[in-house]
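Written out below as structure tokens is the structure these notes cover.
Numbers restart at 1 for each chain; the letters A, B, ... are given by sequence-line order, proteins then strands.
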Number of protein chains: 2
Amino acid sequence: MEEREDLGAMVFRLGRRLLVMEQPILDRHGVSMWAYAVLTALRESPMRTQTALAAGIGADKTRLIPVLDELQKRGLIEREPDPSDRRVRLLDLTADGRRLHETIQSEIRAGEADLLSDFPPTDRDGFLRALIALTRR
Amino acid sequence: MEEREDLGAMVFRLGRRLLVMEQPILDRHGVSMWAYAVLTALRESPMRTQTALAAGIGADKTRLIPVLDELQKRGLIEREPDPSDRRVRLLDLTADGRRLHETIQSEIRAGEADLLSDFPPTDRDGFLRALIALTRR
DNA sequence: GCACATGATAGGCGCATGCTTACGATTGAG
DNA sequence: CTCAATCGTAAGCATGCGCCTATCATGTGC
């Protein structure tokens with residue numbers, strides 16, 4: 001592993017490559033990257049505050065608002081004031097939102113599988129294991 | 001490998017993490033990310049045109065100009081008109097530039113080694129092999 | 001009850017980016 | 001010789017982002 005680029009350079013190039021692969025998929029479903037991140041986060045579990053959601057996906061909480069507006073208008077998320085604390089908005093996916101996320105994610109996963117298909121399984125597993133470990137908070 | 005995030009999400013988070021690690025190093029040496037990319041590219045081999053350099057590091061050729069101005073002013077790169085075609089500027093590192101790149105890169109590599117130190121060698125090697133393959137043009 | 005903290009929202013500022021256009025110098029093809 | 005193409009440079013534009021402030025509604029500790 002002597003002659004290689006810096007990790008940063010390689011990771012950023014890979015990021016760009018993944019972006020190029022994913023963008024058309026997101027465009028086709030009329031969803032921005034941030035919106036997809038929101039759907040993904042809410043699929044794991046509902047959120048009690050928008051601030052927590054923003055922190056969870058590494059977004060600015062003020063920039064998230066138009067994204068949530070749009071998702072709500074399209075009926076993809078629920079966003080209701082918490083009866084027990086009317087400052088906060090409870091966030092959750094609707095059935096439509098869940099369905100759309102599932103559709104998009106499966107397309108993205110197909111693209112990923114395609115990228116990874118050339119590697120020997122041990123490299124691929126090592127790659128994924130290391131990547132998962134490196135991105136654990 | 002059933003329950004994992006999308007590759008894109010993980011790769012971008014890792015990119016941010018690497019950025020957080022590298023930025024202080026670059027700042028300490030008064031070098032921007034683009035400038036460091038230029039030094040890295042020129043270390044591999046001199047370049048015959050700025051356009052080729054820009055394409056090589058994935059930058060906009062017009063945005064590269066102030067970066068090159070700065071690097072030249074600091075005596076880190078040479079940038080002379082090609083006698084055989086005076087439209088183009090031959091680009092190369094100076095001794096100082098080579099030295100500075102070497103210093104910065106070794107600090108960055110130390111940070112990378114630290115990040116990767118926890119993994120079993122097989123995972124680490126698979127990770128690097130896959131990453132190298134995925135970023136080959 | 002009152003001061004203070006928290007959540008959502010709106011707006012603005014500064015920065016880096018990608019993209020585009022224009023221009024002067026130079027080269028090469030016809 | 002003339003014209004098109006290439007290279008470097010300057011400038012402008014729209015976008016998206018992070019950050020910061022202010023405002024309003026609400027909740028909590030004293």
Q) Atom CG of B:L19 and atom P of D:dC17: how far apart are they, to the nearest Å? A) 16 Å

Q | Pairs touching residues 46-73 of chain B that satisfy salt bridge (Lys or Arg N to Asp or Glu O under 4.0 Å), sequence neighbours left out | A | B:R48-B:D82, B:D69-B:R79

Q. In residues 22-43 of chain A, what residues come within less than 4.0 Å of DNA chain C, judged by heavy atoms?
A. none

(Q) Among residues at least two apart in sequence or on other chains, which ones pass side-chain hydrogen bond (donor to acceptor under 3.5 Å, both in side chains) with A:R28? (A) A:E107

Q: Report the residues that fulfil side-chain contact (heavy atoms from CB on, under 4.5 Å) with A:R87, sequence neighbours left out, ordered by chain and then residue number.
A: A:D85

Q. Between the base of D:dG18 and the side chain of A:R63, is there a donor-acceptor distance below 3.5 Å?
A. yes

Q. Under the side-chain contact (heavy atoms from CB on, under 4.5 Å) test, which residues partner B:A110, sequence neighbours left out?
A. none

Under 3.5 Å between N/O atoms: give me all the protein pairs with nucleotides 26-30 of chain C, atom names plus distance.
| from | atom 1 | to | atom 2 | distance (Å) |
| --- | --- | --- | --- | --- |
| C:dT26 | OP1 | B:R86 | NH2 | 3.4 |
| C:dT27 | OP1 | B:R86 | N | 3.2 |

**Q.** Residue list, side-chain hydrogen bond (donor to acceptor under 3.5 Å, both in side chains) with A:R99, at least two apart or on another chain
**A.** A:D96

**Q.** Residues that B:D123 engages under side-chain hydrogen bond (donor to acceptor under 3.5 Å, both in side chains), provided they are two or more places apart
**A.** A:R129

Q. A:R98: what forms a side-chain hydrogen bond (donor to acceptor under 3.5 Å, both in side chains) with it, not counting sequence neighbours?
A. none

Q. Is it true that B:R13 and B:E5 have a side-chain N and a carboxylate O under 4.0 angstrom from each other?
A. yes

All N/O pairs under 3.5 Å across the protein-nucleotides 9-11 of chain C interface:
| from | atom 1 | to | atom 2 | distance (Å) |
| --- | --- | --- | --- | --- |
| C:dT9 | OP1 | A:R79 | NH2 | 3.3 |
| C:dT9 | OP2 | A:Q50 | OE1 | 3.0 |
| C:dT9 | OP2 | A:Q50 | NE2 | 2.6 |
| C:dT9 | OP2 | A:R79 | NH2 | 3.0 |

Q) Can you list every side chain to side chain donor-acceptor pair (under 3.5 Å) pair that touches residues 111-120 of chain A, not counting sequence neighbours? A) A:E112-B:R4

Q: State which residues pass side-chain contact (heavy atoms from CB on, under 4.5 Å) with B:Q23; sequence neighbours excluded, sorted by chain then number.
A: B:L19, B:L26, B:D27, B:M33

